[in-house]
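One structure is given below, encoded as structure tokens.
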Amino acid sequence: MSTSTPTVSLQDPPGRVLLLRAVYGILIALAVGNMVGRIFAVNAVDMARLERYLIDREVRSRLDKRVAALKAEGATVDRTALEKEIRDDVQSDSSFRKQRPFLSANDRSRWNTIRALVEHGTYAIDDVIAEPNWDTIDMVKHRDAEGEWHLYSSKPPLLATLYTVPYWVVYRAANAFQDEAEGEPPITLGTHPYEIGRGLLILYNVVPMVIYLVLLGRLLNRFGTSEWGPIFIMAAAALGTFLTTFAVTLNNHLPAAVSALITVWAAARIWYDGEQCPCYYIVAGIFAAFTVACELPGATLFGLVGAALLWKHPKPTLLYGLPAAALVLVAYFGTNYIAHGSLRLPYMHRDDGDLLFVHEFGDEEERQLNAGEPPASLRSEFASQDLELSENVVVRKKSEQLDHQDQDRWVIEDRGNDALYSVRVDLAPPAYSIPGLFVHAWDDWYDYEYTRASDGRVIQSYWRTPAGIDKGEPDLGKYTFHALIGHHGIFSLTPVWLLIVPGVVLLARQRSGYGYPALATLIAIITIICVTFYILRPPLDRNYGGMTSGFRWVFWLAPLWLLAALPAADWLSARRWGRGLAYGLLAVSVISVVYPTWNPWTFPWLTDFWLYMDWEEF
């Protein structure tokens, strides 16, 4: 692997370095202002008009009743003062609040964990979602260590656990002088969502993005061969990727991208610059592992960087890098075990549990199961397995198909024994020639219902009957098309990524002025593996990331793709038509980034256009 001297470095002519730094500073300032301004304005604006309507309707209703009552008593009525009193009372009622700075069930899922840990000392979010405007569909239900059923965020808990630290400080400081004995309610994210939430978003997202852009600038100086190319790539990083779009919401993609860039920066200092300070190995280990903690396919970056450093410098990698990475991985699985009592993530509890037994299956058994009754022969089989069913048993057809070909599956709810079983039809062993009923222990945490504490309403899991885009795309070819160049396309929404392929080729070639085959190979392998992994997900998961403004699962690859695009930008910089082409690619990318003005959890502009033209339905 090449360790050639960089074409451009911080030892270049001072005037050039100062120019690049000045332009980078301007672009970073623009990016920060853009993100902070959007955070200051973050709000569920689609709910603002509804909230005003509901409040006005309630005020009119109460006012008319009060005025009629006072007139009947012969009292003098000051309608203006009375309306102000009633309006103040209605506006203080949380049940009328519809606006919120937490824009999606996705980010509220993590916010719920943060609140539950700080305010209630538990990962269970039952008490938080009972409050108005704190609902989420991104949650699971399972028993805790005492055997009690609780609701939990479906997100890996490490990131939310880390985010509790600043909120814990704010919570303690804000309530240091609150006198609960006098009836003063504690100050929380629930009571002050805008004041606390927006401040935390700046800390969680904007500060890491500043670090990201500063380190990216150093890498652009390190690898770039022109002045225009690095400036163009920095402009794309500051304004042309979806990372800044998602700065207004709590998500795992932004910290994953930041971690990936820090990993590459530290590894480049070791690989190309010969740095042997233990700090670089520690940084590379920590952030490579944290990339995995935020995005599981980040294991490709972790594995390739780890293998490369282990091959080149085995001793310091083992002494410093590996233990640092191990700390993150222990925290990752440790917090998951504390939260869920399992080392497997919630995503992995979405199928049948252990096989308990196989029972003969026929037309009568199918009829009774479809009628909501457990067949008598099946009851006898349960009893023979020391799993005797109670008299209070409900059987239902499983509405969420774990596979698009899967039709014959039922859930047995033994409410008398508070037990659940999954039943499916398959070919029975050992001959595999006749169908049998496969009875499994319960392990689908996404299939549940719960009673909402605020109004006693029974709520069923959204994932029992996912709607719209969340139903998944059964046609793999169609999904591949739209994920790459269609209505959610990586290249159609962010065409600046079209520079990746020629950029990787130039990055690896010595004659191009670069000659960094190790970096080019790293980017190419990670890109191919990860994009293929996302596309080849099971049909149920083929939803482009859900209701979102881009194919969000690849957002964390942005720093790698920016570095890959740099050689192509340098090559285009010497050609007028090339610069014009690059400006066009960047302009369309920026359009896609700014189109979701208020909320990144909306369809991309291309998808809206597709729907407008009646080319697609979700």
Please state whether the rings of [X] and [Y] are parallel, tilted or perpendicular, taking 30° and 60° as the class boundaries.
X	Y	result
Trp610	Trp615	perpendicular
Trp553	Tyr534	parallel
His482	Tyr544	perpendicular

With His340 as partner, the option from Tyr347, Tyr152, Phe333 fulfilling ring pair (Phe, Tyr, Trp, His ring centres under 6.0 Å) is Tyr152

Give a yes/no verdict on a cation-pi contact between [X] and [Y], requiring under 6.0 Å between NZ or CZ and the six-membered ring centre and an angle within 45° of the axis.
X	Y	result
Arg115	Trp134	yes
Arg350	Trp463	yes
Arg424	Phe438	yes

Hey, could you give me the NE2/CG distance between His440 and Leu356, rounded to the nearest 0.5 Å?
8.0 Å

What is the distance from atom OG1 of Thr527 to atom CH2 of Trp497, rounded to the nearest 0.5 Å?
10.0 Å

Testing the 3.5 Å rule here: is there a donor-acceptor pair between the side chains of [X] and [Y]?
X	Y	value
Tyr450	Ser461	no
Ser377	Glu365	yes
Trp601	Thr249	yes
Asp414	Ser390	yes

N/O donor-acceptor pair under 3.5 Å between Asn543 side chain and Asp470 backbone
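No, Asn543 side chain to Asp470 backbone: no donor-acceptor pair under 3.5 Å.
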
